[in-house]
Number of protein chains: 2
Amino acid sequence: MVSIKDVARVAGVSDKTVSRVVNGEPNVTPDTMEKVQLAIADLGYIPNLAARSIRSNRTNIIGIITDFISTTPYSGDIVRGVQDWAGANGRTVLLANTDGDQKREADVWRTFKAHRIDGVLYVAMYHRVVVPAVGEVSIPTVLVNSHPEDGYAYPSIEPDDFGGSYDLTQHLISLGHRRIGYIRLNPLLLGANQRLDAFLAAAQAGGISESDLVIRLGMEGPIGRETNYVHREALDILSMPNRPTALICGNDEMALQAYLAALHLGLRIPDDVTIVGFDDFRTVSLGLKPELTTVALPYYDLGWQGADMLDQLVQGKGSETERRILKCMVVARRSSAMARAQGQTVDAVGTHN
Amino acid sequence: MVSIKDVARVAGVSDKTVSRVVNGEPNVTPDTMEKVQLAIADLGYIPNLAARSIRSNRTNIIGIITDFISTTPYSGDIVRGVQDWAGANGRTVLLANTDGDQKREADVWRTFKAHRIDGVLYVAMYHRVVVPAVGEVSIPTVLVNSHPEDGYAYPSIEPDDFGGSYDLTQHLISLGHRRIGYIRLNPLLLGANQRLDAFLAAAQAGGISESDLVIRLGMEGPIGRETNYVHREALDILSMPNRPTALICGNDEMALQAYLAALHLGLRIPDDVTIVGFDDFRTVSLGLKPELTTVALPYYDLGWQGADMLDQLVQGKGSETERRILKCMVVARRSSAMARAQGQTVDAVGTHN
DNA sequence: ATTTCAATTGACGACGTCGACATTGGTGCC
DNA sequence: GGCACCAATGTCGACGTCGTCAATTGAAAT
């Protein structure tokens, strides 16, 4: 591999001068600069970052630790946000996945430290409470899509599940819905409670009595291997004699199953029942017809801004305890509509849209 | 940061001896070894890989270049396969995303070279023909989920779209289906043609005349911004007076829309119509009820084996032109069933399952 | 002409690690 | 005892880069 000295020799200058050119330092004659640049181009010289980092104690590498990278399809957006930030700021991204395994996580930390990376973005693919397995030496770390357990101080950045869910519920109430069904996420996920709490709060604020709410558990069990009750529960809720006019699903994947259940029962969406989801997981939310009203999670921004927070931290400017919350926007699409008087029988075959 | 010399000083030995212990070299007294290990633990010493790589000219880092990492939800599995291989073989993974942009791609190559990584896995998130923008100096590269344009030699690893599609079609034929609908992928994708060709070949081999096949285009336009005709086409096909008894969709996302169309028309799956997909994108294939018969793409293995091929290449043992094809398995679930008599037309085959 | 000063360039060493080689001390053998 | 040999350990330098500081040059100021 061609080194700075090779360039120096070819250009007929000292290695230091080449270094100056490469790093854009001042006080280099246009003449020599040209010579050097020519030599660089000729030889295809590219600076060795490892060597550079040895001297500077900065690698410009940030690490991402994920738990279940491929299990959830959203993950990509967070990672992409980080990558784009990195690309825009001259950093490189080291990626590691733990599969939620403690031992692997420890290995990953060790490896990252061995690479002397500047900082770590600890990305939990489900919004929940985590404690990174930090060892003796510590690296600046920001938790993304999660927050630390009590007693541990890490800056974190999270989506505003509560706000999003509150707004979504309000959206339905403003459309005139007074009986609303709710299918819960796996309670292990932090978002699950926040979303449910917000739902209840918004319903109460909207003057809806608890008896008009139908709340069911959609999933439970360890993350990645949960049992799924959604389809069954949706069928059940939508078969009630006095069925809700709207059904909120813990996320879009659940909404998919609710759609199928509704269609299976011959109900039209949104004419007979409004169905909404959460996440704006676009394969589903745009794939469903009519397209799904849902709440967009700011995954990309979580990644981008998380990287930015980390950068602050690395530069000693960030706060050790900052907790940033990103807004979640309701995306109103065609699956939600005004509540209507509830007909008795509906023809199974509806109209095209 | 604590270095090998700090450890040496604390342990009362030379740095070289510490190096020996760290690297498991022979000829160290159990006694000294213990002293050294104690010092390492005390100080929390972790070897500096950058320094190591400077000497050894090996970084043990492999790079992944992706084009549309988050656009497609499968991507994660390929990356995870690579990561798991890396974890199992003491390598680290550097990740970069180009968004399909030439300029960014050039930057990425440059950055990777600057890091002196051992090799690159060029992962195209859609199976298609690519040419990595290699510069002057070249890094060992393996194409994953894609293959090089004519005239360029890179080893590659790809899924057997043809075989999978052939088997899937045969599966339907063996269930008695004689009129089959087919909704095509975006023709820009390499898999699109392979899957269609295999479908036609299998149909012909099964003695089905072309006039009993209904083939429609489901999507077209630039990747990431395509126009989607699937729902409309599915409605259209399933509304035909003499409609197919089975509908093959270019991928699972398309199958989702076909489901919705079928349900919308009051058709039951699989009783009235069999619907199958491709990809085994589990959010969809398991989320749909009944669960979707589809073809599993070996994404994880693509990643794992791709990494392994790359490793061979790096070690000078691999072939520059190997083209490895991984089998795609039909995953028969409940969305496909025996063809049945339908409406006006009577079909000989008519058992329930 | 001499001095002063700034601009330009180079020599050198250090970063952390490990390969090549040297040194030390002990063991076994005649 | 003398010698060969080997195990254990250390010394030194090089990898590629860049910070520090010195050297050189030329031009402006006196």
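Chain letters run A, B, ... following the sequence lines, proteins first, then strands; residues in each count from 1. Source: prediction; values computed, not measured. Values below: every heavy atom of this structure, side chains too, minus hydrogens, waters and symmetry copies.
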Check the phosphate of D:dT9 against B:Ser14, side-chain N and O only, distance under 4.0 Å to OP1 or OP2. Yes or no? no
Expressed in angstrom and rounded to an integer, what is the separation of B:Asn48 atom CG from C:dA14 atom C1'? 14 Å
For A:Tyr45 and D:dC18, give me the distance from atom OH to atom C1', rounded to whole Å. 10 Å
Tell me the side-chain hydrogen bond (donor to acceptor under 3.5 Å, both in side chains) pairs involving residues 2-17 of chain A, sequence neighbours left out? A:Asp6-A:Arg9, A:Ser14-A:Thr17
Under the side chain to side chain contact (heavy atoms under 4.5 Å, CB included) test, residues paired with A:Arg324 that sit two or more places apart: A:Ile157, A:Gln305, A:Met309, A:Glu322, A:Leu326
What's the CZ-C1' distance between A:Arg52 and C:dG16, to the nearest Å? 18 Å
Strictly distance-based, threshold 3.5 Å: is any side-chain N or O of B:Arg55 a donor or acceptor partner for the main-chain N or O of B:Arg52? no
Per-nucleotide protein contact along nucleotides 19-26 of chain D, 5' to 3', at a 4.0 Å heavy-atom cut-off (B base, S sugar-phosphate only, - neither), is BB------
Angle between the two end axes of the helix from C:dA1-D:dT30 to C:dC30-D:dG1, five base pairs per end, rounded to 10 degrees? 50°
Partners meeting side chain to side chain donor-acceptor pair (under 3.5 Å) with A:Trp85 (sequence neighbours left out): A:Asp308
Electrostatic pair A:Asp301:A:Lys327 at N-O distance under 4.0 angstrom: no
Contact under 4.0 Å: A:Asn23 side-chain N or O vs D:dC18 OP1/OP2: yes
With the threshold set at under 4.0 Å for non-hydrogen atoms, list the residues of residues 26-38 of chain A touching DNA chain D in residue-number order. none
Figure out the NZ/C1' separation between B:Lys5 and C:dC18, and round it to whole Å. 11 Å
Sorted by chain and residue number, the side chain to side chain donor-acceptor pair (under 3.5 Å) partners of A:Ser53 (sequence neighbours excluded) come out as none
Please collect all side-chain hydrogen bond (donor to acceptor under 3.5 Å, both in side chains) contacts where either partner lies in residues 27-42 of chain B, sequence neighbours excluded, each pair once. none
Partners passing side chain to side chain donor-acceptor pair (under 3.5 Å) against A:Thr98 (at least two apart in sequence or in another chain): none
Checking all strands, does A:Val22 fall into the base, sugar-phosphate, or nothing category for heavy-atom contacts under 4.0 angstrom? nothing
Separation of A:Ile54 atom CD1 from D:dA14 atom P, in whole Å? 16 Å
Only counting residues at least two apart or in another chain, list the ones meeting side chain to side chain contact (heavy atoms under 4.5 Å, CB included) with B:Asp107. B:Lys103
Calculate the interatomic distance between A:Asp6 atom CG and D:dG16 atom P; express it in whole Å. 8 Å
Rounded to whole Å, please give me the gap between CG in B:Asp15 and P in C:dC18. 10 Å
Side chain to side chain donor-acceptor pair (under 3.5 Å) involving B:Asp311 - partner list, sequence neighbours excluded: B:Arg91, B:Gln315
Once side chain to side chain contact (heavy atoms under 4.5 Å, CB included) is applied, do any residues pair with A:Val10, and if so which ones, sequence neighbours excluded? A:Ala39, A:Leu43
Expressed as a whole number of angstroms, how long is the span from B:Ile4:CD1 to C:dG19:C1'? 13 Å
